[in-house]
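What follows is one structure encoded as structure tokens, with my remarks underneath.
Throughout, a chain's letter reflects where its sequence line sits, starting with A, and its residues are numbered from 1.
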Amino acid sequence: MPPSVNMVALVSVGRHPQSGRSRRAEQDGRAVEMGMNLSCDIDGQLSVVHVGDSKEPVLRQYAGMGLDALTVLEQDSGLDVLPGVVTYLKETKANLVLTGVRAERGESSGMLPYLLAEQLGWPLVPRVAEILSIKEGEAQVLLALPRGQRRSITVALPFIATVDNAAKGARQTAYGPGLRAQLNVVESEDNTDDIATSWDISPAKPRPKRMKVVKAKSAADRFKAATAKPAGGGGRVMKNETAEEKAQAIFDLLKQEKIVR
Amino acid sequence: MILDWLLPALIGVLLVLAGIGAVRRMNLWRAGQAEKVDFIAGLMAMPKRYLHDLHHVVERDKYMSRTHVATGGGFVLAMALVVLVHLFGVDSKILAWALLASLVMMFCGALFVAKRRLNPPSRLSKGPWMRLPKSLLTFSITFFVLTLPVAGVLPDGFSLGVIGGWVFTLVLSVLILLSLGEMLFGMTWGGPMKHAFAGALHLAFHRRPERFGGGRSTGLKAADLGGASHGVAKPSDFKWNQLLGFDACVQCGRCEAVCPAFAAGQPLNPKKLIQDMVVGFAGGTDEKYAGSAYPGVEVGHAKGGADNIITDGLISSDTLWSCTTCRACVEECPMMIEHVDAIVDMRRFLTLEKGETPNKGAQVLENIIATDNPNGYSPASRTHWAADQNLNVMKDVKQADVLFWVSDGAFDMRSQRILRAFVKLLKAANVDVAILGDEELDSGDVARRLGDDATFQSLAKRNLATLSKYRFNKIVTTDPHAFHCLRNEYGDFGADALLSISGESVEVLHHTTYLNQLVKEGRLQLDTFKGGKVTYHDPCYLGRYNGEYEAPRELLASLGIEVAEMERSGYRSRCCGGGGGAPITDIPGERRIADMRMEDVVSTGAELVAVGCQQCTAMLEGVVEPRPVVRDIAELLSEKLKEPEKLKEPEETIEAEKIMEEERA
């Protein structure tokens, strides 16, 4: 009998913020950690998947967390990773995908989980801090909100979870097991990313910081300003409106914030 | 008489049993991994190693060295003669008298062994060891009595009557059995006398033969990478001669007395560790261990077997991580056992195979891998400390007389003061110096001591690749840890291939050694130091690891400082607690090692403690005030540097004033 939860952790090659060198990506490492802990607690199995170069040494750092094997969908850099992952997930009948919120290099748009969710027709659960339990096809999930707050939700399998920095840190990677882990290389088709190839890529410029006017007069005020929940005020809760009205409200807001022109 | 046949029979049987025991014991050692050993040369060199090197260490305790010479020497001689006289029945008065003489010598020695056991210090193991002086005395007395007739002192046919004869024979037989049982049977079946048998072979097949004859061998052996496992998981993963080395332990507890972690109440006792290794490869439990325990850990619950994972029930991993790798135990061990090698071997398994480096260990290793420094700073900021120093960088100049190895102190503001002071001295002496700048990487010291030999080897190879691009005569560094790696550990990865400008091998020097050369050559003019009393703390990696005790003291003397020595200085210096990654793994104890060292400093009445290591500086300055001031020797020297321009200055100004006055007039 196959395990009831078939987990897949998607991992990418990270980038150290100081040295720019390849490393185990912070959030992807946490995704693997979460998967490994879950596979101990529940009836489930974890497979870890990377799309790219199977000779990448960083993969050994993921494997060194104690994985017996790692699947690599072999692909040249600059190609679209999405179709390969979708095919793989369908073929292996995965029903829970864990991955970081965004990659540390490349486009780093954070779009992959959303595009995956769209193509598979699964819900996306963003910024997960912890998966408490999975019982009878339903997962109890804690979402990470700003300032250490958590929101508890229940999601039915299958779904895609992006793992927040608030999740448990990745365990130490050990050299020996990493070296000996098996790499299952799967050749994937040539998925040229037509749109990306036409892009002009240049180094990002640091964004100017918004001036912060300190109004607080006392230390207590400053403490409050640093810790209090944002008062909000601008937001609006729409529950009973029609879908069109809700969409219009989002569209208006995007326009107002000059995200859509 | 019954004794006429009983005695040779007993000796013969016990010798055979001892022989069987010896083979059994050797088979236990053979469970270890293969290691290339020159058997013949080792056995040939053994007597000299014993009489010279081992005795040299024992000699530090004069009482014990004399006692041991008398007892041990007497016994070896007596045993050989016993075999000749009583087993083979060689009828020679000369031999018999020689036997009597050696038994008397042994008896005298055994009396002093017994005396020490009357009120033994806590470092000594009790249990069967308390029995040993009695066995020694019994042996010497019994055989003395037995030899008297052979020597012709008592007539062969002297009689005590029938009953008296029987009682006499019975008593003597029991005594023979007891003493020979201890001395022969116990030697190879795990009694206290085992140290003589295993110790002799350990000296012959020592893993670091370079240590004998006054040599020094302190660099860790490289781990083989890429196999089915890394490091030592089970006792059988040690090299066979390491297992033999553990068996050589006499449980004298000198290591325990000098171990900083033991004194701090951390769960480490080098003597118990070695005994646990013996339990490990011989199998069984530590119930019979009769010495001090690991602080805070009860004796009797450790179980081991040659193929059991050591950290599963034999010793706790905290014990392994408590070690500061200060080598005080190795330096002090009369049997020349290599505790630090064993500890790092076992750490390698924990880090490379299990990924269980405690506390900040994992993070530090990850930082070293990703940024080549333990704190994860940007590699591009390595030379920021020298922004105002106008130092040559090797990338530009390609060659220089001295390559200044800056080490990771470059990122630490306190250490930067030492670096600047050293640069000031180099400039005052007009030294042709250059640094590697951002091309320099962490030396790998911390990674290696934390058991990550893969990362160490990668750093060593990359550093050597950088070094081999340039030409220089000397590498000088202010960091004894980097100094040790460069000098003693990079050799395995091709450091010997580095050539100086004139084509000779490159010298690696600690800054105190180099500054001392400069002072002796008269290239540095120094004022007299006028502060209060000064003491000097020997860094482990400079002193015990590299034998440099003199240069720092000579430098202090050149400042007119008379060093108020601490009780534990020189080769007996106590660690500051900063080595071996101990501040990173941070195993809790009852006290801090640095606090204890500062107490040593305070007890000399010194107002300032001079050091030669940035780690020691950091550890000792971390002790709460009020406490003596901590200064690196380079800092002390640079403060007292006479600058040639300044010497002339007053005369010039006086002359200028004269001219101005004349003009006014």
Checklist entry - Heavy-atom distance under 4.5 Å between the side chains of A/Tyr175 and B/Thr455, does that happen here? => result no
Checklist entry - Could you give the distance from OG1 (A/Thr173) to CD1 (B/Ile369), rounded to the nearest 0.5 Å? => result 7.5 Å
Next on the checklist: Looking at B/Asp396, I want to see if its CG is surrounded by more than 12 non-hydrogen atoms of other residues, nucleotides or ligands under 6.0 Å.
Outcome noted: yes
Checklist entry - Backbone N or O of A/Ser19 within a donor-acceptor pair of the B/Thr371 side chain at under 3.5 Å? => result no
Going by atom type alone, with no hydrogens or angles, which donor-acceptor pairs under 3.5 Å involve a side-chain atom of residues 22-33 of chain A and a protein atom two or more places apart or on another chain?
residue	atom	partner	partner atom	Å
A/Ser22	OG	A/Arg105	NH2	3.4
A/Arg23	NE	A/Glu104	OE1	3.2
A/Arg23	NH2	A/Glu104	OE1	3.4
A/Arg23	NH2	A/Glu104	OE2	3.3
A/Arg24	NH1	A/Arg171	O	2.8
A/Arg24	NH2	A/Arg171	O	3.2
A/Arg24	NH2	B/Glu366	OE1	3.0
A/Glu26	OE2	A/Arg30	NH2	3.0
A/Gln27	OE1	A/Val101	N	2.9
A/Gln27	OE1	A/Arg102	N	3.2
A/Gln27	NE2	A/Asn165	OD1	3.4
A/Asp28	OD1	A/Gly100	N	2.9
A/Asp28	OD2	A/Ser12	N	2.8
A/Asp28	OD2	A/Ser12	OG	2.5
A/Arg30	NH1	A/Asn165	O	2.9
A/Arg30	NH1	A/Ala167	O	2.5
A/Glu33	OE1	A/Arg171	N	2.8
A/Glu33	OE1	A/Arg171	NE	3.0
A/Glu33	OE2	A/Asn37	ND2	3.2
A/Glu33	OE2	A/Lys168	NZ	3.2
A/Glu33	OE2	A/Arg171	NE	3.4
A/Glu33	OE2	A/Arg171	NH2	3.2

Checklist entry - In terms of heavy-atom contacts, does NZ of A/Lys135 have more than 12 from other residues, nucleotides or ligands at under 6.0 Å? => result no
Checklist entry - Between B/Ser381, B/Ala370, B/Ala362, which residue shows the highest count of heavy-atom pairs closer than 4.5 Å to chain A? => result B/Ala370
Checklist outcome for this item: Among A/Met65, A/Gln61, A/Arg21, the residue with the most heavy-atom pairs under 4.5 Å to chain B is A/Arg21
Checklist entry - What part of B/Asn367 lies closer than 4.5 angstrom to a heavy atom of chain A: side chain, backbone, both or neither? => result side chain
Item to check | B/Leu350, part contacting chain A, at a heavy-atom distance under 4.5 Å | outcome: neither
Next on the checklist: Please check if the number of heavy atoms outside A/Arg151 that lie under 6.0 Å from its CZ is greater than 12.
Outcome noted: no
Next on the checklist: Taking side chain as everything from C-beta outward and backbone as N, CA, C, O, which of these in B/Phe349 sits under 4.5 Å from a heavy atom of chain A? Side chain, backbone, both or neither.
Outcome noted: neither
Next on the checklist: Please find the pair of heavy atoms, one from B/Gly376 and one from A/Gln18, that lie closest to each other, and give the distance.
Outcome noted: O-CG, 3.3 Å
Next on the checklist: Checking an interface table here. Which of residues 226-237 of chain B come within a heavy-atom distance under 4.5 Å of chain A?
Outcome noted: B/Gly226, B/Gly227, B/Ala228, B/Ser229, B/His230
Next on the checklist: Is it the case that atom CG in A/Asn184 sees more than 12 heavy atoms from other parts of the structure closer than 6.0 Å?
Outcome noted: yes
Item to check | Donor-acceptor contact present, side-chain A/Gln172 to main-chain B/Thr357, <3.5 Å | outcome: yes
Checklist entry - More than 12 non-hydrogen atoms from neighbouring residues, nucleotides or ligands closer than 6.0 Å to NZ on B/Lys221, yes or no? => result yes
Checklist entry - Considering residues, nucleotides and ligands other than A/Asp76, do more than 12 of their heavy atoms fall under 6.0 Å from its CG? => result no
